[in-house]
Amino acid sequence: MRLVLRAQRKSVLPREAGAAPLDIVIAIMAFLAALSLCAVLIAQRTAQDWRRGLAGKLTVQVLPPAQGPTQPALARETRAAVRVLETTPGIFSAHELSEAKTERLVEPWLGKGALVADLPLPRLVDASVVPGMRVDLAALRRRLKKVAPDGYVDDHRHWLARLSRLADTIMWSAYGVLGLIAIATTATAAFATRAGLAAHHDIVELLHQMGAHGSFIASAFDRHYLRTAFSASLVGALLAVILFIVAGGLEYVGLKPMAHLPPLALGMGQLAWLALIPLAGGAIAWATARLSVFAALRNIY
Amino acid sequence: MVRFENVGMRYGPGPEILRDVSFVLEAGSFTFLTGPSGAGKTTLLKLLYLAEPPSRGLITLFGTDLATASRHLFPALRRRIGVVFQDFRLLDHLSAFDNVALPLRLSGVRIEDFRQDVEEILTWVGLGSRMQARPSTLSGGEQQRVAIARAVVARPDLLIADEPTGNVDSDMGQRLLRLFFELNRLGTTVLIATHDRGLIATGRSQEMRLVDGRLVTMPTVRP
């Protein structure tokens with residue numbers, strides 16, 4: 001029985017020696033593909049956070065008047081703006097931002113201290129929109145103009161559009177990198193298959209001579225490269241998973257591994273997408289090897 | 001079974017190796033192909049086992065005209081042919097058992113069904129105790145016997161052997177020849193290329209002689 005099982009398992013191709021460089025190249029490409037996929041996931045999540053944060057919000061900015069005493073006019077117009085907002089259909093709540101909070105908002109650009117305190121900063125009124133309702137912005141602007149001529153309504157649409165474009169650019173760039181990696185993987189698998197065919201030409205010729213169908217010979221090669229690409233891609237994807245888990249852990253304890261970047265921590269649901277990398281790597285190598293073998297067999301009588 | 005009509009063969013722009021070769025091998029015949037070295041015997045065998053297409057002429061195999069047949073039919077035609085190559089062409093990473101089992105695997109036979117056949121044929125050629133040996137650990141004669149076992153295990157319709165007894169002693173040569181005759185008795189058409197006149201004198205057979213790419217002796221039944 002042992003003899004039988006051994007014969008059943010035995011591949012018609014010998015195990016290839018010196019294939020480690022191929023494994024390393026595929027593992028690196030899988031790692032880069034995993035990073036690109038994570039970039040897509042982070043860009044999507046960040047764009048959603050931005051949209052969630054700004055959607056359903058309105059801000060009224062009351063600028064200091066050009067003439068006359070600044071503070072009394074600012075205070076009067078701001079209170080009037082709050083009252084207008086509170087009585088506008090679709091507005092859930094409206095409140096004035098304190099001067100301290102406004103100063104904190106401009107702190108990254110202007111710093112803090114006496115200089116900022118002397119600057120005529122605008123007053124900000126933050127308003128929330130009832131979910132699912134639309135606010136008639138034109139009517140709101142007309143009513144505001146009457147009671148707060150220096151007030152301007154900002155519904156953040158401009159910012160949202162720019163942020164969406166930025167997120168889309170990041171996502172499509174990452175998709176582009178994924179596409180390039182898929183092409184590189186295909187080329188690598190094709191090159192490796194051709195090298196394998198050349199190395200085992202005598203075996204391929206013998207099998208062909210003995211009446212093996214192209215699919216029988218191709219399956220010997222495609223299974224080999226499927227296994228190689230799957231296991232090497234798995235290693236690359238696992239390295240990426242470890243990297244993002246470590247990054248998430250550092251963020252959790254308050255350390256930001258990469259400045260000026262959105263949070264890198266990914267949930268298990270998002271990391272599960274990385275399982276696609278070894279599957280895709282294996283599938284690409286399998287299909288490429290199969291097609292390469294069929295192409296080579298067409299040249300044999 | 002096999003019909004050659006005015007077959008010529010050249011490799012690339014080189015000279016013709018075979019010239020106007022015409023013959024018929026009847027089903028169930030046993031034929032020796034003889035001729036001096038370089039006469040074109042191996043090339044003729046290559047045309048027969050579909051390793052090369054002829055440069056000109058018509059070949060009909062198992063009733064199929066190869067010139068007009070779809071290439072998709074070729075694997076099935078090849079599986080009906082057992083070949084003993086002059087250089088054996090054994091797969092060195094496989095055991096003797098796995099090498100002999102290869103044609104049966106290619107025919108889709110389940111391993112449970114061919115195990116006994118493989119063991120029997122290996123025992124017949126005197127390798128019953130070396131079934132798990134790799135070809136590189138076998139002597140030239142033993143490798144030749146594995147190659148013969150592989151060629152006959154699937155009971156092909158046509159058996160082609162190129163110098164099948166070149167590396168074995170005369171006793172084993174006679175034993176292998178009995179195997180070929182037994183296979184022939186069961187219906188296999190046999191064509192053996194050989195220099196061994198002693199082999200040709202044995203049993204009921206016919207002879208084809210090639211000289212300088214031309215067939216000078218047509219198959220004629222020997223008593």
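All values below were derived from every heavy atom in this structure, side-chain atoms included, with hydrogens, water molecules and symmetry-related copies excluded. Letters A, B, ... are given to chains in the order of the sequence lines, protein chains preceding strands, and every chain is numbered from 1.
Here the CG atom belonging to B/Leu66 is positioned 5.0 Å from the OH atom belonging to A/Tyr301, to the nearest 0.5 angstrom. The distance from atom CG of A/Leu207 to atom CG of B/Leu102, rounded to the nearest 0.5 Å, is 5.5 Å. Within the model, atoms CG of B/Asp92 and CD1 of A/Ile203 stand 9.0 Å from one another, a figure rounded to the nearest 0.5 Å. We find the CZ-CG distance between A/Phe216 and B/Leu106 to be 5.0 Å, quoted to the nearest 0.5 Å.
Contact of A/Ile300 with chain B is made through the backbone alone, with heavy-atom distances under 4.5 Å. Heavy-atom distances place no part of B/Arg110 under 4.5 Å from chain A, backbone and side chain included. In this structure, the portion of B/Arg71 lying under 4.5 Å from any heavy atom of chain A is its side chain and not its backbone.
Only one option out of B/Arg150, B/Arg79, B/Arg105 pairs with A/Met210 in a side-chain contact (heavy atoms from CB on, under 4.5 Å); it is B/Arg150.
No other option in B/Pro103, B/Ala154, B/Ala51 has as many heavy-atom pairs under 4.5 Å with chain A as B/Ala51.
Within a 6.0 Å sphere centred on CZ of B/Arg175, other residues, nucleotides and ligands contribute more than 12 heavy atoms. B/Arg19 CZ: more than 12 foreign heavy atoms inside a 6.0 Å radius. Atom CZ of B/Arg10 sits in a crowded spot, with more than 12 heavy atoms from other residues, nucleotides or ligands closer than 6.0 Å. No more than 12 heavy atoms of other residues, nucleotides or ligands lie within 6.0 Å of CZ in A/Phe191, so this atom counts as exposed by the packing criterion. Shown here is A/Arg223, whose CZ atom has no more than 12 heavy atoms of other residues, nucleotides or ligands within 6.0 Å.
Put simply, the side chain of A/Gln209 does not reach to within 4.5 Å of the side chain of B/Ile81, judged on heavy atoms. For the pair B/Leu91/A/Asp202, no side-chain contact is recorded, criterion being any heavy-atom separation below 4.5 Å from C-beta on.
Listed here is the closest heavy atom pair of A/Ala212 and B/Pro75: O-CB, 4.3 Å.
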